[in-house]
Enquirer: 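Take a look at this one; I'll ask things after.
Positions are given from 1 along the sequence. Everything numeric in this text was worked out from a predicted model, so none of it was measured.
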Amino acid sequence: MDYKDYYAILGVKKDAPEDEIQKAYRKLARKFHPDVNKAPEAETKFKEIGEAYEVLKDPDKRQKYDQYGSAWKRAQQTGGGVPPGWEGFDFGQGGGFGGGSGDFSSFFDMLFGGARPGARGGRGAGFQGFGAQGFGGGGGAGGDTEATISLSLEEAVRGGKREITLADPNTGQRKTLSVRIPEGVRAGQRIRLAGQGQAGMNGQAGDLYLKIEIEPDPRYKVDGTNLQTTVAVTPWEAALGADAEVQTLDGPVRVRIPAGSSTGKRIRLRGRGLPQAGGSTGEKDRGDLLAEIRIVVPEKLSERERELFEQLAEASSFRARS
């Protein structure tokens, strides 16, 4: 098995922090993406970059890779330990692996093609030495993978169907999946897609988990299950009272601005926020929307408007800074 130096592929040092690895991956992925770079070697390079990032971005995978090199997957499937009878085998240290890829080639030759230390037979005896677990991880089944899906606030509340396109970091191949978004999902929750993960040696794929992210919405501030927004009113609406329209996740709603309202006063719209954890999207299972009044004055006044404001200033005994 040839050893691939994932750190060299991404152009980072072995002790590089996660953010540096992510930055290097994004830069190289943009440079060698097949849709952008038409060079013959671009697709191969893009696959190598994806493979390296898939390992180094995950602390557990990275630790296994640093210890076992290209055999990290098999070490992970055995719980991170060396198989029985192989405790004296030289896996190498510090990324050098005891002299390069030859040691790992010999290791797997002995595992699947010849005798291992203490074994009496050939292929069969060598494989049986790993016990019931084996390096195949339950018969060579594939591993689970995780990706991120971003939803708007409306999608998180109402759910629905979404088509997503994923690129395999190892092969570069793309596939489009139709995903059902449950009503009322929250940030951090995961959606499981059975059999859409990493393919195993026996052809059986693991599962794909989609981690939910909620996109920022310029209209709202999220406070737990409550949402905060603003409603602009004129000075005379604030003073005399009026009806105003407030945008909610379910569409516009008319609210009453009480007479004598000042900037900062809040109007509570019950059941117009986000769903409670594990609750339905019915109003009784959702948080509230708090609409904060913001008084807005004209930037420019007509002569008549200025005249009326001056008359109001003379007639009114109200002092805001008393």
Enquirer: How about NZ on K175, more than 12 heavy atoms from neighbouring residues, nucleotides or ligands closer than 6.0 Å, or not?
Expert: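 Yes, the 6.0 Å shell around NZ holds more than 12 heavy atoms from other groups.
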
Enquirer: How long is the span from the CD atom in Q247 to the OG1 atom in T230, to the nearest 0.5 Å?
Expert: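 Nearest 0.5 Å value for the CD-OG1 distance: 11.5 Å.
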
Enquirer: Name the orientation class of the two ring planes belonging to Y65 and Y6 (parallel below 30°, tilted from 30 to 60°, perpendicular beyond 60°).
Expert: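 Aromatic pair Y65/Y6 classed parallel.
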
Enquirer: Check whether the ring centres of Y53 and Y25 lie less than 6.0 Å apart, and answer yes or no.
Expert: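 Yes: the rings meet the under 6.0 Å criterion.
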
Enquirer: Do L289 and T229 have side chains that get closer than 4.5 Å, going by heavy atoms?
Expert: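 With C-beta onward as the side chain, the pair touches.
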
Enquirer: Take atom NZ in K57; do more than 12 heavy atoms of anything else shown fall under 6.0 Å from it?
Expert: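 Result for NZ/K57: enclosed.
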
Enquirer: Does E146 have any side chain to side chain donor-acceptor pair (under 3.5 Å) partners at least two apart in sequence or in another chain, and if so, which?
Expert: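 Partners of E146 by the side chain to side chain donor-acceptor pair (under 3.5 Å) criterion, ordered by chain and then number, come out as R190.
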
Enquirer: Is there a path of hydrophobic side-chain contacts, each under 4.5 Å between heavy atoms of I, L, V, M, F, W or Y residues, that connects I191 with L208?
Expert: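 As far as the 4.5 Å side-chain criterion goes, L208 and I191 are connected within one cluster.
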
Enquirer: Measure the CZ-CD1 distance between R162 and I149 for me, rounded to the nearest 0.5 Å.
Expert: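 Result: 4.5 Å between the selected atoms.
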
Enquirer: List the atom of E215, the atom of S150, and the distance in Å for their closest heavy-atom pair.
Expert: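 Answer, listing the atom of E215 first, then S150: OE2-CB, 3.6 Å.
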
Enquirer: Which heavy atom of L10 sits nearest to which heavy atom of A52, and what is that distance?
Expert: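 Heavy-atom minimum between the residues: CG-CB, 4.0 Å.
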
Enquirer: Let me confirm one number: the CG-CG distance from L249 to L153, rounded to the nearest 0.5 Å.
Expert: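 Spacing of CG (L249) from CG (L153) equals 5.5 Å.
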
Enquirer: Looking only at heavy atoms, which two atoms of K265 and P258 are closest? And how far apart?
Expert: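 So the two residues come closest at CE-CG, 3.8 Å.
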
Enquirer: Could you go through D60 and K64, starting from their C-alpha distance and side-chain angles, then the distance that decides it, and tell me whether this counts as salt bridge (Lys or Arg N to Asp or Glu O under 4.0 Å)?
Expert: CA-CA 6 Å; D60 182 62; K64 297 292 191 304; 3.0 Å; yes

Enquirer: Hey, quick one: are V246 and I293 part of the same hydrophobic cluster, counting side-chain heavy atoms closer than 4.5 Å, chains of contacts allowed?
Expert: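 Yes: a chain of side-chain contacts under 4.5 Å links V246 to I293.
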
Enquirer: Which atoms form the tightest heavy-atom contact between I214 and A187, and what is the distance?
Expert: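 Smallest interatomic distance, heavy atoms only, reads CG1-CB, 3.7 Å.
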
Enquirer: If you round to the nearest 0.5 Å, how far is CG of D5 from NZ of K14?
Expert: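 One finds 9.0 Å between NZ of K14 and CG of D5.
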
Enquirer: If you look at every heavy atom in V233 and E237, which pair is closest and at what distance?
Expert: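 Of all heavy-atom pairs spanning V233 and E237, the closest is CA-OE1, 3.4 Å.
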
Enquirer: Test side-chain contact (heavy atoms from CB on, under 4.5 Å) on I212 and L151; report intermediate values, then the result.
Expert: CA-CA 7 Å; I212 301 296; L151 305 177; 4.0 Å; yes

Enquirer: Could you check whether atom CD of Q311 has more than 12 heavy atoms from other residues, nucleotides or ligands sitting under 6.0 Å from it?
Expert: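 More than 12 within 6.0 Å, yes.
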
Enquirer: Group every Ile, Leu, Val, Met, Phe, Trp and Tyr by side-chain heavy-atom contacts under 4.5 Å, then state whether V296 and F309 land in the same group.
Expert: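 No, separate clusters.
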
Enquirer: Pair T145, Y209 - check side-chain contact (heavy atoms from CB on, under 4.5 Å), show working.
Expert: CA-CA 6 Å; T145 56; Y209 289 88; over 6 Å; no

Enquirer: Under the criterion side-chain contact (heavy atoms from CB on, under 4.5 Å), I'd like the reasoning laid out for E310 against R306: C-alpha separation, chi angles, the key distance, then a yes or no.
Expert: CA-CA 6 Å; E310 289 174 348; R306 179 176 295 277; 3.6 Å; yes

Enquirer: With D288 as reference, evaluate R266, R268, Q228, R272 under the side chain to side chain donor-acceptor pair (under 3.5 Å) test and give the passing residue.
Expert: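 It is R268, the one option of R266, R268, Q228, R272 that forms the side chain to side chain donor-acceptor pair (under 3.5 Å) with D288.
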
Enquirer: Between E51 and K47, does at least one N-O distance fall below 4.0 Å, as a salt bridge requires?
Expert: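 No, E51 and K47 are not salt-bridged.
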
Enquirer: For side-chain contact (heavy atoms from CB on, under 4.5 Å), just list the numbers for I164 and L210, CA-CA rounded to whole Å, side-chain angles, deciding distance to a tenth of an Å, and then say yes or no.
Expert: CA-CA 10 Å; I164 61 172; L210 296 179; 3.7 Å; yes

Enquirer: Closest heavy-atom contact between R62 and A16?
Expert: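 Where R62 meets A16 most closely, the heavy atoms are NH2-O, 2.8 Å.
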
Enquirer: Check the hydrophobic clustering (I, L, V, M, F, W, Y; side-chain heavy atoms under 4.5 Å; chains of links allowed) and say if L56 and L28 are grouped together.
Expert: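 They do share one cluster, since a chain of ILVMFWY contacts under 4.5 Å joins L56 to L28.
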
Enquirer: Run the salt-bridge test on K61 and D66 with the 4.0 Å N-O cut-off and return the result as yes or no.
Expert: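 Here K61 does not pair with D66 in a salt bridge, since their nearest N and O are not under 4.0 Å apart.
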
Enquirer: First locate atom CD of E48, then atom CD of E43, and finally report the distance between them rounded to the nearest 0.5 Å.
Expert: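 One gets 12.0 Å once the value is rounded to the nearest 0.5 Å.
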
Enquirer: Check whether any side-chain N or O of T165 sits under 3.5 Å from a backbone N or O of T176 as a donor-acceptor pair, and report yes or no.
Expert: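 No; judged by distance alone, with no hydrogens or angles, the pair does not exist.
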
Enquirer: Counting heavy atoms not belonging to R219, are there more than 12 under 6.0 Å from its CZ?
Expert: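 Count over threshold, so yes.
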
Enquirer: Examine V253 and V231 and state if one hydrophobic cluster contains both, with Ile, Leu, Val, Met, Phe, Trp and Tyr joined whenever side-chain heavy atoms are less than 4.5 Å apart.
Expert: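 Hydrophobic grouping puts V253 with V231.
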
Enquirer: Measure the CD1-OH distance between I21 and Y7 for me, rounded to the nearest 0.5 Å.
Expert: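 The distance works out to 6.0 Å.
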
Enquirer: Looking at R254, I want to see if its CZ is surrounded by more than 12 non-hydrogen atoms of other residues, nucleotides or ligands under 6.0 Å.
Expert: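 Yes - once you tally the heavy atoms of other residues, nucleotides and ligands closer than 6.0 Å, there are more than 12.
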
